[in-house]
2 protein chains.
Amino acid sequence: MRESETPESRPYHHGDLRRALVEAACRLLEKEGAQALSLRAVAREAGVSPAAPYHHFKDKSELLDAVAHEGWEKLDLAFQAARDAQTSPPDRVRELGVAYVRFASQHPDLYRVMYDCSRDKADMPAHVHENEESAYRRVREVLISAGADPAGEVGLELATIACWCAAHGLAEMTSFKQFEPLKAALGGEDAFLRGVLAHVGVFAKGL
Amino acid sequence: MRESETPESRPYHHGDLRRALVEAACRLLEKEGAQALSLRAVAREAGVSPAAPYHHFKDKSELLDAVAHEGWEKLDLAFQAARDAQTSPPDRVRELGVAYVRFASQHPDLYRVMYDCSRDKADMPAHVHENEESAYRRVREVLISAGADPAGEVGLELATIACWCAAHGLAEMTSFKQFEPLKAALGGEDAFLRGVLAHVGVFAKGL
DNA sequence: GCACTATCTTAGCGTTGTTCAAATAAGAAA
DNA sequence: TTTCTTATTTGAACAACGCTAAGATAGTGC
């Protein structure tokens, strides 16, 4: 074998198989969908035996956790872009919601993996909830800058949660066939998303 | 075999195996969770061979569809109760939402099957969206009785969808560990649900 | 009685997640 | 270098899964 197949210098056998597996999984997810994402298929895609992943992930679910983590980071990029757009604070709240749902709409299989992981552990992804740079905090901040009262701790928390709920719900429902005529009538999916989110108080007027 | 094992008169071998399978699936769902719901396990629970279900459902997914249908009907019962409660129309909208989320919270595995079926087909369950007695229409009606303008077709539709999104999102997130201190501070899950839904315009003030 | 059809079983295929002993490669110690 | 040790990967195997096909069985209609 030597270095024949892989010109780059690689420590150990493969180098960083862990990362290679996560990337293979993401590739498969886009190509074949969430249903085709088996551990064996990922190993196959990475060019390795079915048992190899078990030295880097104790479980299939642990591999999926890594994929989900990757997903949340990608989503955070979309979030940053939406936050930095030149819009008034109240509008910014809604644009954040639109960015969230649009991400889910563009990467439905990835989004599914992301949320299934959270649900299985009854746990909002750490990256989302605890971290200082988490998307959750990002929403909270934008809410405050949009005029929400930071002193009303509980109310602010409830408002932030309401944002997540509406965004997640819409993310999972926006692809339903029944909504297509309405989308067409409104002139596209984005208009549809804004229309729905306008009925969520926090999105509409910043608490 | 004769009638020895089954005193009731049964046409054909089993009688109504189809129904028995759906019931066995629901039983398994409550006992073992959604993850343990394999076709073979359902057949085992119903006391038949692994191949028997294929004479009543072409697929595993078709069995799950039947389970989901059962679920939507159960949910509709909870909906009716909430609608008939003696509350003012605006409050009634929120109580509908609370009933929805509480159902999902009490039957998480069933709810998961219900929504996975919808998502796989990119299709709101027919029972929910098309039927005259559908839960979707029920929300719509309550919205109108709460003061929403039935002439504003598009707005009404968007408001109804916003209800579903918030309710579904909350249904999938209410079990997250991170919310437990907040629930405790508010004095229970119902208060938490009402608190979150209060930030959704439609739930808060009927459009 | 007979044929016919719906129902159910038994056996089997290919695939999956997972485990385990053996093989292999890399780094450290001699 | 050689040897020892540890990390990584393979190959074979197991149980369970969804699903199919061929045959057995039980009801229905003639």
Side-chain angles (χ1 to χ4, degrees), chain A residues 1-25 28-29 31-68 109 113 116-117 120, chain B residues 1-25 28-29 31-68 109 113 116-117 120:
Chain A
M1 218 185 252
R2 300 271 168 197
E3 336 251 303
S4 53
E5 326 173 336
T6 57
E8 328 135 20
S9 82
R10 284 186 166 173
Y12 282 82
H13 304 190
H14 180 109
D16 195 351
L17 181 55
R18 185 191 163 90
R19 183 174 195 81
L21 286 168
V22 173
E23 280 168 11
L28 261 176
L29 208 50
K31 259 195 303 184
E32 319 260 359
Q35 180 205 6
L37 197 69
S38 67
L39 234 188
R40 293 178 106 106
V42 172
R44 229 175 289 140
E45 172 82 18
V48 93
S49 86
Y54 285 91
H55 288 262
H56 301 270
F57 305 95
K58 93 173 208 302
D59 243 357
K60 180 189 181 183
S61 79
E62 219 180 52
L63 201 179
L64 293 186
D65 281 351
V67 173
D109 296 286
V113 170
D116 280 355
C117 286
D120 286 345
Chain B
M1 217 183 251
R2 301 273 169 194
E3 339 250 301
S4 53
E5 326 173 337
T6 57
E8 326 135 20
S9 83
R10 285 185 165 173
Y12 282 83
H13 303 189
H14 180 110
D16 194 353
L17 181 55
R18 185 191 163 91
R19 182 173 196 80
L21 286 168
V22 174
E23 282 169 10
L28 259 177
L29 210 50
K31 260 196 304 185
E32 320 258 359
Q35 180 205 6
L37 197 68
S38 67
L39 237 186
R40 292 176 107 105
V42 172
R44 227 175 292 139
E45 172 81 18
V48 294
S49 85
Y54 286 91
H55 289 262
H56 301 272
F57 306 95
K58 95 172 205 301
D59 244 355
K60 181 190 181 184
S61 77
E62 220 179 55
L63 200 179
L64 292 186
D65 281 350
V67 172
D109 297 285
V113 169
D116 281 354
C117 286
D120 286 345

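Heavy atoms only: backbone and side chains are in, while hydrogens, waters and symmetry mates are out. Quick note on labels: first sequence line is chain A, next is B, and so on, each numbered from 1.
Proximity of A/Asp65 to A/Phe57: side-chain heavy atoms (C-beta onward) are nowhere separated by under 4.5 Å. In this structure, B/Asp116 and B/Leu64 have side chains that are not in contact, with every pair of non-hydrogen atoms separated by 4.5 Å or more.
The stretch residues 51-64 of chain B comes close to DNA chain D through B/Ala51, B/Tyr54, B/Asp59, B/Lys60, each having a heavy atom under 4.0 Å from the strand.
Taking side-chain N and O atoms only, A/Arg44 has a distance below 4.0 Å to OP1 or OP2 of C/dT16. Dashed line: the shortest gap from a side-chain N or O of B/Ser49 to OP1 or OP2 of C/dC8 is not under 4.0 Å.
Checked against D/dG18, C/dT10, C/dT18, the side chain of B/Pro50 finds its nearest nucleotide in C/dT10. Checking C/dT9, D/dG18, C/dT18 against the side-chain heavy atoms of A/Leu39 singles out C/dT18 as nearest.
As a whole-Å value, the separation of B/Arg40 CZ from C/dT15 P is 16 Å. A straight line from CG of B/Leu17 to P of D/dA26 spans 16 Å, rounded to a whole angstrom. Rounding to whole angstrom units, CD of residue B/Gln35 and P of D/dG18 are separated by 12 Å.
In terms of modelled atom types and a separation under 3.5 Å, the side chain of B/Asp109 and the main chain of B/Gly33 share no donor-acceptor contact.
Here the closest non-hydrogen pair linking B/Leu21 and B/Ala43 is CD2-CA, 4.3 Å.
In this structure, B/Arg40 CZ and B/Ser49 OG are separated by 9.5 Å, a value rounded to the nearest 0.5 Å.
For A/Asp120, the side-chain contact (heavy atoms from CB on, under 4.5 Å) partners two or more places apart in sequence, or in a different chain, are B/Arg112.
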